[in-house]
Structure formats: C-alpha cells, structure tokens
Trainee: 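Encoded as structure tokens, here's the structure I'll be asking about.
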Protein chains: 2
Amino acid sequence: MSLDTERDRFIEENGLLFEKLGVTRMSGRILGYLMVAEKENVSFNELTEALKASKSSISTNLKMLLQIGFVKPLTLPGERKTYYMLSPDMDWRAYFAQRLEMINIMNNMFKKGLSLRPSKEDNAAKWLREASEFYDFIIEEFPAMLRRWEEKSKQSGR
Amino acid sequence: MSLDTERDRFIEENGLLFEKLGVTRMSGRILGYLMVAEKENVSFNELTEALKASKSSISTNLKMLLQIGFVKPLTLPGERKTYYMLSPDMDWRAYFAQRLEMINIMNNMFKKGLSLRPSKEDNAAKWLREASEFYDFIIEEFPAMLRRWEEKSKQSGR
DNA sequence: TTTTTGGTTCGGTCAAGACTGAACAAAACG
DNA sequence: CGTTTTGTTCAGTCTTGACCGAACCAAAAA
C-alpha cells in the first residue's frame, strides 16, 4: 500500500472514478498509469509490477481498454513483448457518439412505456412523452455538435 | 416469478437497464412500474405487492428516485398513506445538466494527469491535451444546447 | 528438443452492496 | 390507553463480479 507520490494517488483516484462510472477499478488504474508514466510505451510486465496486480487482471482489463480504443499496442522488431500506449489517434468523437447508444436505449424504453400505458392522457403519460421528446432532441442535436467539434479541431489541428 | 404480461417484462427490462446504468435494479423496476401502472398515483404498499419486494428495498429505492427528482410524493387530505407518481414537473434539462458534472470530473483528471506527466511533449501528453480539449468543448457547448431545448419546448409547450 | 518469455484462460476466493426480515417509530384511530 | 397503519432503519444474507494464482499455451531462444 504505497500512496507516496502524487502520481500513485492520481492512479488510485482514477481507479475509483472508473469504478463510479461502472467500469473496473483496475482499468482505471491502468489508464491512470499510462497517463502519468515516465515513458509513453509501457510493457505488460511493467503494469503488473507498478500496479501490484496479477497478470490475469492486467490481461483482462488491458483487453477492455484496447477494445474501447483508449489504448493501442505497439510491437517492435526484434522484441517479443508488446508495449501499450494511449491511442495516438484516439477518436473522441466516435467514442462519444457510441455512448449515445445508451441514450437511445433509454429513449426506446420511454416510448415502449408509453405504448404499454393504459391511459395516454394522464400525468404519467405526459412524463413519458416529455422524456422521449427531450431524448429525441438530444439524439438529434448531438451529431451537429460533433460536427462542430470536427470543424474546430481541424482549424487548430493543422 | 411471473413474466406473464408485457408490462411485467417491461418492468424487469427497465430494472436491468438501470442496473447497467449503475443504479439499482429495484429503482428501475419501481420507475418501470410507475410508467405502465393502471393509475398514475401508486401507494407504497402497491409497489411492494406488485414488485414482490421488501418494504425496506422499496423504501430505500423510492427515496433515491425522489432525490433524483424522477418521482414526487402526493398526499391526500383524510388519507394516511403517501402516493407516488412520476414527477409532473420533471426538469429534464436540470437532470441532464447535472450529469455534466461527471464529464467535468473526467476532464479534471485529464488536466491533472497532464500536469503530473513528466514529458509534456510526447504522445501521451498529446492524448491528454486532446481529451481535455474535447471535454472542454462538450462542457462549453452543452448549455447552449439545453437553451435551444428550452426554446423549442416553450414553443410547442404552450 | 528443452527452456524461457510473454501472455491467456480458468477455477476459486473475497468484498461490495442490493435486498430481506425483523425490530422500531410515529401518527391516527378505537 | 392499546391497536393499526405506514413506513424507516439496521443487522444479516446472498449474489455478483473483480481480482488472484496456477495451469496452460505459443513463439522464440538456446
């Protein structure tokens, strides 16, 4: 249990944050470590040692981070091991767009709820309609917002 | 275990959805029940019976839904019990705005990560800067988006 | 071939927290 | 008063799933 450096505390804090977001604590720690590591390329083994975690846990959680797209692997000629790094070409827009899916599912529940509701005219029905209208609005506006981001990042990006 | 009607299935489905969102299954069931119930005002006792759940679980989860603002209590003169209903004046805008807080916390982690990072120039530093810039953008755009919603709902609302 | 490296997978453990039941409270009713 | 109604709270149980250790595997090295 060493929370000596501010970096260690940052890593644990990020673990807790990820946990609160519904992901595993360990994946948050791994990402946290990659954020503040000495070098940008980190080996599997370095992670197990730095985080004092089992190989299995690192393996599982790393795979998750690779899948989400936060992390990319890097292999070097003449080297057996794989290095891991924060994705150089991380597509935040795509990441966020994908999270819209959850909003869509919520919205479908609202609509389904309304369709199942006996009375279409009472207060609860109104609640459902308003919820759905709001979510429709969000789903409609989001793409435009991401497009504006695209514009803006293009401008400053090159 | 009765999943006879489509309404029952809807309620369980909503429970699972809430669980996936990081809330309790029971709170999702309660909200689901309120969505498709016969009447818009539902008593505590009706909830325990309909959902076959303990009083304690209903009590705890109902309190949570009241706190979030999804549900409102209704008391009637000459009646001891409290009825619960989907909030007639649910403020979806405020609800969403509050969820922005999580984005803010993430953003702060990115910024803190960058400040703790030894090298400010490598790829990981770039990742952190881009993440933070994107989140800055979202945080900046959101209020305007909610204002547009306000406009729109005012137009159609009255 | 055997050994070492780098990692995966699988069975089991352990902890967190959702839910239960029982004890408790408060308020109205008789 | 005692009883009933309407919940709340708290200690305990039970489930889920994150994490661990060990067995396993593939590829390279020796």
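Each chain gets a letter, A, B and so on, in the order the sequences are listed, and its residues count up from 1. Bear in mind the structure is a predicted one, so any value in this text is a computation, not a measurement.
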Trainee: Measure CG/A:Asn45 against P/C:dT5 and give the value in whole Å, please.
Mentor: 11 Å
Trainee: For B:Lys63 and C:dC19, give me the distance from atom NZ to atom P, rounded to whole Å.
Mentor: 15 Å
Trainee: Heavy atoms only, 4.0 Å cut-off, all strands: where does B:Lys81 land among base, sugar-phosphate and nothing?
Mentor: sugar-phosphate
Trainee: Is there a side-chain contact between B:Asp89 and B:Lys72 in this structure, where contact means two heavy atoms from C-beta onward sitting under 4.5 Å apart?
Mentor: yes
Trainee: Measure from CG on A:Leu62 to P on D:dC19 and round the result to the nearest Å.
Mentor: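 Spelled out: CG on A:Leu62 to P on D:dC19 is 13 Å.
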Trainee: Rounded to the Å, how far apart are B:Leu74 CG and D:dG7 C1'?
Mentor: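 In whole Å, D:dG7 C1' and B:Leu74 CG are 17 Å from each other.
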Trainee: When we call it a touch if two heavy atoms are under 4.0 Å apart, what does B:Asn61 touch: a base, just sugar-phosphate, or nothing?
Mentor: sugar-phosphate
Trainee: Which part of the nucleic acid does A:Thr82 contact within heavy-atom distance under 4.0 Å: base, sugar-phosphate only, or nothing?
Mentor: sugar-phosphate
Trainee: Pick the nucleotide of DNA chain D nearest each of A:Ser27 and B:Phe44; which residue has the one closer to the 5' end?
Mentor: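 Of the two residues, B:Phe44 wins.
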Trainee: Report the nucleotide, chosen from D:dA23, D:dC20, C:dC19, that has the shortest atom-to-atom distance to any side-chain atom of B:Thr24.
Mentor: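 Nearest listed nucleotide: C:dC19.
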Trainee: Knowing that exactly one of B:Leu76, B:Thr75, B:Val42 qualifies, which makes a side-chain contact (heavy atoms from CB on, under 4.5 Å) with B:Tyr83?
Mentor: B:Leu76
Trainee: Around atom NZ of B:Lys120, are there more than 12 heavy atoms from other residues, nucleotides or ligands closer than 6.0 Å?
Mentor: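 Buried by this count: over 12 neighbours within 6.0 Å.
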Trainee: Which is true for A:Ser56 with a 4.0 Å heavy-atom rule: it touches a base, it touches only sugar-phosphate, or it touches nothing?
Mentor: base
Trainee: For A:Glu79, does the CD atom sit with more than 12 other heavy atoms under 6.0 Å from it, leaving out its own atoms?
Mentor: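 Atom CD in A:Glu79 is crowded, with more than 12 foreign heavy atoms closer than 6.0 Å.
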Trainee: Roughly how many Å is it from CD1 in A:Ile58 to P in D:dC20, rounded to a whole number?
Mentor: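 Taking atom P of D:dC20 as the reference, CD1 of A:Ile58 is at 8 Å.
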Trainee: For the side chain of A:Arg80 and the base of C:dT5, is some donor closer than 3.5 Å to an acceptor across the two?
Mentor: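 Yes, the side chain and the base share a sub-3.5 Å donor-acceptor pair.
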Trainee: Between B:Phe96 and A:Phe134, does the ring centre distance come in under 6.0 Å?
Mentor: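 Distance test on ring centres: under 6.0 Å, yes.
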Trainee: Rounded to the Å, how far apart are A:Leu65 CG and C:dG7 C1'?
Mentor: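 One finds 16 Å between C1' of C:dG7 and CG of A:Leu65, rounded.
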Trainee: Report yes if at least one side-chain N or O of B:Ser59 is closer than 4.0 Å to OP1 or OP2 of D:dT8; otherwise report no.
Mentor: yes
Trainee: Where each residue is assigned the nucleotide of DNA chain C containing its nearest heavy atom, which of A:Arg25 and A:Ser57 is assigned the position nearer the 5′ end?
Mentor: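 Per heavy-atom nearest nucleotide, the more 5' residue is A:Ser57.
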Trainee: Starting at CE of B:Met26 and ending at P of D:dC14, how long is that distance when rounded to a whole Å?
Mentor: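 Going from CE in B:Met26 over to P in D:dC14 covers 17 Å.
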Trainee: Just to confirm, is there a sub-4.0 Å distance from OP1 or OP2 of C:dC19 to any side-chain nitrogen or oxygen of B:Lys52?
Mentor: no
Trainee: Expressed as a whole number of angstroms, how long is the span from A:Glu79:CD to D:dA27:P?
Mentor: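 In whole Å, D:dA27 P and A:Glu79 CD are 18 Å from each other.
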